2 protein chains.
Amino acid sequence: MAADQLSLVFQALADPIRRAILTRLTNGDATVAELAEPFNVTQPAISRHLKVLEAAGLISRSRRATARLSHLEAEPLRDVTTWLARYQRFWDESHERLDELLAALQNNRQNGTDRAEAVPTKGNEDG
Amino acid sequence: MAADQLSLVFQALADPIRRAILTRLTNGDATVAELAEPFNVTQPAISRHLKVLEAAGLISRSRRATARLSHLEAEPLRDVTTWLARYQRFWDESHERLDELLAALQNNRQNGTDRAEAVPTKGNEDG
DNA sequence: TTGTTTCAAAACGAGTAGGTTAAATATGCG
DNA sequence: CGCATATTTAACCTACTCGTTTTGAAACAA
């Protein structure tokens, strides 16, 4: 129900067809029919995938005669990357030990700086 | 059903509670009860969130007496970042024009190198 | 206006997601 | 063993997702 933007983006990316559509759009704008062509699903199904992508801000749309063009909007992917950056040190084996130590140190001095990754307050949301 | 790994990861990340759990785990391993504490959901609900995260490869689990510890496994996030890297040029305004040109050039010389982002063959999947 | 093309919306069904409560399971203690 | 603690599983509910087919709407051409 009306999730936050980041959730909408992740949700949109969770479907292989939608990811493939985004990949296709890196080659340029395309009509619904063009986007539907590679898949074994009907046109209304693609139409709804596009609606999901649009709600996530991953595409924008325009008209050309009776056709509707989809255009890639990669901005939300930047936000995803930003969110992911925080975890980069955890998959970087060579630095993992050091960074765990640093994290422990930052936990110890508990002066609440604004860069804290505080556990969400009762209710939810991530940092 | 039984989606590919990347879809599982995106799906897992699409829930704010699960993202918050991952954030919490950057501070160190935690029990189910500890992970449940910040949220207004029951403990079995968290238990199932953890199951989703484990299926996506984002956490591993171990025992300590009766408790079960969750441990962050960031490796799948590296794959996500890899997938996203392909789109970086599309949100990098200053390079967008240039990169579109480069993409066009690489489309023109159609010697199928392994870095091609071919549209999926009839069936689905993204590149 | 009539028709054609291209797409969106409506209505439906099967399956999944995420929540609950209540019961089952695993581990360690006295 | 008998019990407490911590967590999982089962059963159930509601709501959403993703697909379908059918119907409706927008843009344009004749």
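Just so you know, these numbers use all the heavy atoms, side chains as well, and skip hydrogens, waters and symmetry mates. A, B, ... follow the sequence lines: proteins, then strands. Residue 1 opens every chain. Everything numeric here is computed off the predicted structure, so don't read it as measured data.
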Test item: side-chain donor near acceptor, S7(A) and R19(B), under 3.5 Å: yes
Rounded to whole Å, please give me the gap between [atom1] in [X] and [atom2] in [N].
| X | N | atom1 | atom2 | result |
| --- | --- | --- | --- | --- |
| R63(B) | dT7(D) | CZ | C1' | 7 Å |
| E34(A) | dT5(C) | CD | C1' | 14 Å |
| D15(B) | dA17(C) | CG | C1' | 9 Å |
| L35(A) | dA8(C) | CG | P | 10 Å |
| R64(A) | dT6(C) | CZ | C1' | 11 Å |
| F10(A) | dG18(C) | CZ | C1' | 19 Å |
| I17(A) | dT17(D) | CD1 | P | 16 Å |

Sugar-phosphate only, base, or nothing, as touched by R18(B) at under 4.0 Å among non-hydrogen atoms: sugar-phosphate
Residue-level proximity of residues 41-62 of chain B to DNA chain C when a heavy atom falls under 4.0 Å: V41(B), T42(B), P44(B), A45(B), R48(B), H49(B)
Side-chain donor or acceptor of S47(B) paired with backbone N/O of Q43(B) under 3.5 Å: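 Answer holds: no.
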Per T66(A) side chain, nearest of listed nucleotides dA26(C), dT6(C), dT7(D): dT6(C)
R63(B), CZ: over 12 other non-hydrogen atoms inside 6.0 angstrom: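 Result for CZ/R63(B): enclosed.
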Given DNA chain C, 5'-ward residue of the pair Q11(A) and R68(A), judged by closest heavy atom: R68(A)
Steps toward side chain to side chain contact (heavy atoms under 4.5 Å, CB included) verdict (I21(B), R24(B)): CA-CA 5 Å; I21(B) 287 174; R24(B) 164 64 184 80; 5.6 Å; no
Parallel, tilted or perpendicular: ring planes of F10(B) versus F10(A), cut at 30 and 60 degrees: tilted
R78(B) bridged to E75(B) by N-O distance under 4.0 Å: yes
